[in-house]
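When reading the values below, keep in mind they use all heavy atoms of this one structure, side chains included, and skip hydrogens, waters and symmetry mates. In what follows, chains carry the letters A, B, and so on, assigned in the order in which the sequence lines appear, proteins first and then strands, with residues in each chain numbered from 1.
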Amino acid sequence: MENRHVNAIIVGAGAGGGVVAKELSVAGLSVVLFERGAWATYDDIDTDELNSQRAHALSNGYGPDNVRNKRVKIYPDGSSKIVLPTEAYSNNAACVGSGTVSYGAMAWRYMQEDFKLRTTYGHVEGSTLEDWPISYEDLEPCYEKAEWELGVAGDDSQNPFAPPRNKPQPMPPFSHNKEAQMLHDAALRLGFHPFPIPMLRNSVPYGGRPACYRMRTCAGFACPVSAKAGTHNTVIPIALESGNCELRINSVVSEIIVNDQGKITGIYYFDANNKKQKQTADIVIIAASATETPRLLLNSKSKFFPKGIGNENDWVGRNLQGHAYTGAFGIFNEDVFDDLGPGASVAICDFSHHNKGIMGGGMLANEFIRMPYLFSDIRPPGAARWGAEHKDFQRKNFKKVAQVIGPYQEHPVFDARIDVDPLVKDFWGIPVARLSGFRHEKDVEGCKFMSEKAELWLKEAGAIYTWQNVGGGKGLSGGQHQAGTCRMGNDPKTSVTDKWGRVHSVPNLFIADGSLHVNNGGFNPALTIMALGYRVGGYIAGEWSKGNRFK
Amino acid sequence: MENSKKISRRKFLSLSLLGVGGVALISLNPFSKSTSSNWRFFTNDEGVLVDALAEQIIPTDESMGARDAGATNFIDKQLMGPYIRYQETYRKGLKAIQETCKTNFKKSFEALEWEEQTKFLQSMEAGKIEGSNWEKGFDKEFFELIRSHTMQSFYGSPRHGGNKNNVSYKMMRLDYPVIIGQNRYKV
């Protein structure tokens with residue numbers, strides 16, 4: 001039986017797609033929301049570290065599975081390898097809510113400078129860093145919607161570097177655990193400006209969901225009481241309750257359909273029984289992630305779009321960014337671990353911008369609790385990686401090690417990219433994403449700078465032994481904070497979409513995920529992806545109500 | 001795969017009444033390489049070697065080591081499940097270790113002195129084992145694999161066959177199960 005024609009198709013029920021589904025269905029558009037994964041629940045993996053999205057040893061607890069999915073990675077030495085989700089997807093998830101089910105749930109707004117990187121830092125050789133076509137002020141109302149509709153606990157008034165806001169965050173911030181309190185006090189002594197990390201997690205009951213009870217297994221795991229807000233327990237249920245949104249899970253979208261007039265009319269997908277199906281719609285919105293969105297555009301070739309949709313100027317899949325995580329570890333004389341989860345609690349934005357000689361920067365914060373298996377890889381340089389000494393370190397220091405870490409804002413690089421592999425196909429026969437390219441050489445300098453600050457902070461807090469883990473380096477970017485591969489811009493020659501997320505060359509095709517980011521800020525990107533979901537979804541709904549059918 | 005796991009409740013009960021439940025279940029597994037093995041994937045000889053390797057990686061001291069906490073059981077179990085892709089690597093790697101030990105020391109790995117075993121693994125870790133069994137880099141690669149799998153067995157959840165009685169969590173003074181808030185029955 002043919003699927004009924006609808007107003008809008010949304011591909012991907014993650015941070016961006018979930019928000020768009022709510023905006024459109026509440027506005028009265030008929031919507032089908034496609035998700036390649038399933039509904040995930042806490043009980044799928046419970047507190048099992050080896051199946052968590054963070055350690056992903058035995059499986060990605062929240063998808064995708066190793067049996068049907070793969071990618072190709074090209075390494076700096078030119079060699080290439082087929083990689084499985086647990087080996088190299090770097091925490092990317094596939095389920096209703098996607099990464100927002102198992103993320104750490106930090107709720108950052110990017111800063112004003114992040115939207116004006118080129119204006120702030122000028123041209124950097126070898127980088128495509130650029131201003132966004134929108135300012136922070138343009139996105140501010142969307143950040144506010146995300147904070148209030150999903151629920152954020154925080155208090156920006158404690159962060160002097162926070163961008164201006166119209167309304168405070170809706171819930172009070174969390175109290176610090178022991179480690180964070182020590183770091184908070186030390187930061188004040190150093191003249192830094194510590195504050196509680198804003199979180200998409202309930203500090204008090206909110207949105208019909210209870211308050212967080214501070215599990216140690218939070219980042220990498222679903223929440224047993226739904227205190228952590230993702231799109232799966234906030235906006236997607238609202239979309240479904242509107243009666244206008246159908247959620248189709250275990251459905252893998254393979255191609256965007258172009259008719260014989262060159263118009264986009266819908267998508268092909270493989271349903272839960274792996275049968276190829278067709279869904280038509282007036283509008284198509286791709287929110288499949290900065291890796292899977294360009295893959296889908298590039299896999300949609302036709303005589304009208306011989307290089308893939310939106311790829312007339314070879315910008316689809318370019319500028320793949322993530323974050324170069326960088327920081328330091330410290331061992332303390334006494335226990336700093338008090339088992340008050342999720343661990344990450346205190347942050348500073350003193351080094352987020354305006355560091356002499358450094359482009360960008362990033363926030364620094366204490367880290368989420370590392371469970372025992374992940375901790376077994378945390379050792380000072382030169383320490384034993386196995387044997388009696390390794391075991392003894394684990395025993396003596398598990399509760400005495402603190403980590404300060406931050407997401408350094410990478411320089412966008414044109415040749416860091418997603419394309420599709422000419423030979424390798426997934427279970428459904430769809431050409432897989434191929435990742436290649438390098439980080440910019442200057443990223444290492446920024447990482448080194450931030451790691452030194454992290455180490456200084458740990459020492460002031462009383463660490464008796466410290467060491468740095470410096471991020472960046474010549475390697476592939478992307479991963480859990482993937483972004484940038486369908487950049488928004490005013491010039492169609494150097495971007496894929498306009499400032500509303502609409503693909504330049506196609507009137508009824510939109511993108512609503514991290515692919516739009518011109519650069520990725522020095523922060524976890526989830527709230528920005530949600531805000532862009534409100535921007536793109538709100539624009540479509542507003543135009544639709546005025547009679548615009550995007551033809 | 002699914003079929004191999006399924007055994008009717010009645011059959012299981014009748015077998016366990018005979019007092020041979022555990023062994024019978026394993027020998028009925030059509031994926032077992034040898035019906036006489038105590039393991040799902042490993043041969044008995046391989047099991048002895050993996051025990052010795054795991055004990056080197058996380059040795060017994062004032063608390064249990066990886067061998068007694070079930071490392072071999074963990075790895076064996078995963079090789080019939082999520083780590084099925086590593087079966088050939090294990091078969092090849094374990095054979096290469098024994099053949100190299102027999103050539104160099106006229107003994108199997110597990111019969112070597114503790115310090116000799118340690119030295120051998122250090123050479124593997126550094127990628128310095130020589131011999132026709134080791135293509136370039138395979139010594140290092142196989143050591144990394146067994147090192148990380150042993151760590152997983154010992155520091156992961158006991159539900160996967162290692163970390164017997166939460167021994168590693170106890171050693172690290174980590175309360176388990178978690179006692180705050182909503183508690184749940186752990187399997």
Does the side chain of N163(B) reach to within under 4.5 Å of the side chain of Y373(A), using non-hydrogen atoms?
no
Distance, nearest 0.5 Å, that separates CD1 of I84(B) from CG of N66(A):
12.0 Å
Partner of W386(A) under side-chain contact (heavy atoms from CB on, under 4.5 Å), chosen from T150(B), I58(B), L121(B)
L121(B)
CD1/I45(A) to CZ/R159(B) distance, rounded to the nearest 0.5 angstrom?
8.0 Å
More than 12 heavy atoms of other residues, nucleotides or ligands under 6.0 Å from NZ of K119(B): yes or no?
no
Under 4.0 Å between a Lys/Arg side-chain N and an Asp/Glu carboxylate O for R173(B) and D339(A)?
no
Report which part of L374(A) has an atom under 4.5 Å of a heavy atom belonging to chain B: side chain, backbone, both, or neither.
neither
Shortest non-hydrogen contact between H160(B) and D48(A), atoms and distance:
NE2-OD2, 2.6 Å
So for Q394(A), is it side chain, backbone, both, or neither that comes closer than 4.5 Å to the heavy atoms of chain B?
both
Looking at M371(A), E49(A), K399(A), H390(A), which one has more heavy-atom pairs under 4.5 Å with chain B than the rest?
K399(A)
Any side-chain heavy-atom pair from R85(B) and E87(A) closer than 4.5 angstrom?
yes
Assess whether atom CG of N165(B) is packed by more than 12 heavy atoms of other residues, nucleotides or ligands within 6.0 Å.
no
Could you tell me the separation between the CE atom of M171(B) and the CZ atom of F398(A), rounded to the nearest 0.5 Å?
10.0 Å
Part of E125(B) lying under 4.5 Å from any heavy atom of chain A:
side chain
If you measure from CG on L58(A) to CD on Q152(B), what distance do you get to the nearest 0.5 Å?
6.0 Å
Do R385(A) and E144(B) meet the salt-bridge criterion of a basic N to acidic O distance under 4.0 Å?
yes
Top of A388(A), G387(A), S376(A) for chain B proximity - count of heavy-atom pairs under 4.5 angstrom:
G387(A)
Taking every heavy atom of S63(B) against every heavy atom of K391(A), the minimum-distance pair comes out as O-NZ, 2.9 Å
Please determine, among Y169(B), F154(B), F143(B), the option with the most heavy-atom pairs under 4.5 Å with chain A.
F143(B)
Residue from G65(B), P59(B), G156(B) scoring the most non-hydrogen pairs under 4.5 Å with chain A is P59(B)
Which portion of N397(A) sits near chain B, non-hydrogen atoms under 4.5 angstrom
neither
Could you tell me if the side chain of L174(B) sits less than 4.5 Å from the side chain of P372(A), heavy atoms only?
yes
Residue selection (most heavy-atom pairs with chain A, distance under 4.5 Å) from R147(B), Q56(B), E62(B), H149(B)
R147(B)
